[in-house]
Protein chains: 2
Amino acid sequence: MKSTLKVMHDTGLKKTPARIAILDVFHHSSKPLDADTIVDLLEKHDVKTDRVTVYRTLNTLTDFNVLKKVEFGEGKFRYELSSLPHHHHLICTSCGRVEDIAECGMEDVENKLQKRTSFVIKQHNAEFFGLCTKCQ
Amino acid sequence: MKSTLKVMHDTGLKKTPARIAILDVFHHSSKPLDADTIVDLLEKHDVKTDRVTVYRTLNTLTDFNVLKKVEFGEGKFRYELSSLPHHHHLICTSCGRVEDIAECGMEDVENKLQKRTSFVIKQHNAEFFGLCTKCQ
DNA sequence: TTTAATGCAAAACCTTTGCACATCA
DNA sequence: TGATGTGCAAAGGTTTTGCATTAAA
């Protein structure tokens with residue numbers, strides 16, 4: 001995985017404390033984060049930053065394809081590093097735990113779909129919902 | 001497909017003009033609708049209803065499993081009849097056109113996943129993004 | 001008549017915008 | 001220094017809540 005500083009360098013974006021701190025948060029997170037959580041984490045790490053800066057940074061990094069927006073049906077966006085290998089999410093509907101699913105196995109599904117429809121398919125999202133071990 | 005009145009009867013909810021009109025809108029729509037679009041359609045059909053009633057109706061019908069919430073990464077919810085056969089959506093990233101995908105072909109994916117993880121998987125969502133014929 | 005639904009006003013959330021000031025390269 | 005990023009205040013868009021009134025069963 002690319003380091004935070006490497007990412008900043010590649011984008012050509014200015015290396016500001018806020019951006020470095022926000023990217024660090026993602027590099028240390030195992031699941032997609034929403035803006036509010038990031039604000040909290042920054043505060044906890046004594047990084048003084050405005051909420052607006054967080055939103056702006058999330059958008060900028062998404063535009064530069066450093067981050068990827070995802071939605072879990074919560075009415076808000078979450079973000080994750082787009083450098084992560086292609087994967088989907090398995091979400092526990094009881095406790096909210098999120099697990100990554102590597103090898104989505106959807107290549108076949110997508111290929112068949114490509115043949116059946118007139119669309120040129122560029123990407124897909126998938127979320128699986130269920131109960132984790134603890135919540136079953 | 002169940003008729004609007006049948007749906008109302010099955011839920012035990014009161015048959016109010018607003019609810020009937022809203023369900024009618026869904027019975028005549030080929031794609032998931034957001035609250036705002038519904039408000040517009042009702043207005044066009046001269047059904048006088050408050051926006052809040054639309055939101056409340058959408059929530060009530062979702063609670064009763066008559067409607068299903070879906071998200072297309074727009075920062076708002078859309079709803080569709082949950083009586084529709086299991087399907088996913090193919091969304092044109094250029095013009096916003098939405099096509100249903102019947103036979104999702106994800107049973108295998110889900111079954112394999114079930115074996116590989118400790119979750120009990122209850123359902124999945126999938127959205128495919130690409131370009132429709134016109135926009136290619 | 002009793003319970004549930006509606007309308008209106010107000011607010012809660014999440015997110016964006018404008019603008020002056022600060023900071024990185 | 002010049003371009004870009006930040007903070008603050010304000011606003012925009014979507015959705016929810018409280019409460020008095022109205023309508024369904």
Side-chain angles (χ1 to χ4, degrees), chain A residues 4-25 32-43 45-64 66-80 96, chain B residues 4-25 32-43 45-64 66-80 96:
Chain A
T4 295
L5 287 173
K6 181 90 171 46
V7 168
M8 295 306 305
H9 179 266
D10 291 354
T11 59
L13 292 169
K14 288 185 180 171
K15 269 189 277 290
T16 66
R19 284 177 179 165
I20 293 171
I22 292 171
L23 266 175
D24 267 343
V25 166
L33 304 169
D34 60 285
D36 201 55
T37 303
I38 294 167
V39 171
D40 286 352
L41 287 172
L42 293 179
E43 190 157 346
H45 291 46
D46 289 313
V47 179
K48 201 169 151 292
T49 309
D50 194 86
R51 165 177 241 85
V52 171
T53 300
V54 171
Y55 275 105
R56 268 195 284 235
T57 303
L58 292 174
N59 285 334
T60 305
L61 295 178
T62 302
D63 290 347
F64 278 82
V66 175
L67 294 179
K68 196 184 150 191
K69 255 179 169 166
V70 300
E71 268 180 317
F72 290 172
E74 305 164 300
K76 67 183 175 189
F77 293 109
R78 286 173 178 263
Y79 298 82
E80 66 182 0
Chain B
T4 295
L5 288 172
K6 181 92 171 49
V7 168
M8 297 305 306
H9 179 267
D10 291 353
T11 59
L13 292 169
K14 288 185 180 171
K15 270 189 277 290
T16 67
R19 283 177 181 164
I20 292 170
I22 291 170
L23 266 174
D24 268 343
V25 166
L33 304 170
D34 61 286
D36 201 54
T37 303
I38 294 167
V39 170
D40 286 351
L41 288 172
L42 292 180
E43 191 156 347
H45 290 43
D46 288 315
V47 179
K48 201 170 149 291
T49 310
D50 194 87
R51 167 177 240 83
V52 172
T53 300
V54 171
Y55 276 104
R56 269 195 284 235
T57 302
L58 292 174
N59 285 335
T60 306
L61 294 178
T62 301
D63 290 347
F64 278 84
V66 174
L67 293 179
K68 195 182 151 190
K69 256 179 169 166
V70 300
E71 269 180 315
F72 289 172
E74 306 165 299
K76 67 184 173 188
F77 292 109
R78 287 173 177 263
Y79 298 80
E80 66 183 358

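Since we're looking at a predicted model, the values are computed, not measured.
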Is A/Arg56 close enough to C/dT16 that one of its side-chain N or O atoms is under 4.0 Å from OP1 or OP2 there?
no
Atom CZ of B/Arg51 to atom C1' of C/dA9: distance rounded to whole Å?
15 Å
Please report, rounded to the nearest Å, how far the C1' atom of D/dT14 is from the CD atom of A/Glu74.
16 Å
Looking at A/Tyr55, I'd like to know whether one of its side-chain N or O atoms comes within less than 4.0 Å of OP1 or OP2 on C/dT15.
yes
Measure from the side-chain heavy atoms of B/Ala35 and tell me the nearest of C/dT17, D/dT15, C/dC8.
D/dT15
Quick one: pull up CG in A/Leu23 and OG1 in A/Thr57 and give me the separation to the nearest 0.5 Å.
8.5 Å
Atom CZ of A/Arg19 and atom C1' of C/dA22 are separated, to the nearest Å, by 14 Å
Given atom CZ of B/Phe64 and atom C1' of C/dA5, what is their separation to the nearest angstrom?
12 Å
Whether the side chain of A/Lys15 and the base of C/dA25 hold a donor-acceptor pair under 3.5 Å is what I'd like checked.
no
Donor-acceptor under 3.5 Å (A/Arg19 side chain, A/Lys14 main chain)
yes
Whole-Å distance between D/dG13 P and B/Asp40 CG?
14 Å
Whole angstrom is fine here: how far is it from CG in A/Leu13 over to C1' in D/dT6?
14 Å
Could you check which of D/dA24, C/dT6, D/dG7 has an atom nearest any side-chain atom of B/Lys14?
D/dA24
Pick the nucleotide of DNA chain C nearest each of A/Tyr79 and B/Thr16; which residue has the one closer to the 5' end?
B/Thr16
May I have the distance from A/Leu58 (atom CG) to D/dT6 (atom P), rounded to whole angstrom?
11 Å
Between B/Thr60 and A/Arg78, which is nearer to the 5' end of DNA chain C once each is assigned its nearest nucleotide?
B/Thr60
Quick one: do the A/Thr37 and A/Asp34 side chains pair a donor with an acceptor below 3.5 Å?
yes
To the nearest angstrom, the CG-C1' distance between B/Asp50 and D/dT17 comes to 13 Å
Closest of C/dA25, D/dT15, D/dT6 to the A/Thr53 side chain is D/dT6
Take atom CD of A/Glu74 as the centre, draw a 6.0 Å sphere, and report whether it contains more than 12 heavy atoms from other residues, nucleotides or ligands.
yes
Nearest-nucleotide wise, let me know which of B/Pro17 and B/Asn59 is further upstream toward the 5' end of DNA chain D.
B/Asn59
Given B/Ile22, B/Asp40, B/Ile38, the one that forms side chain to side chain contact (heavy atoms under 4.5 Å, CB included) with B/Leu33
B/Ile38
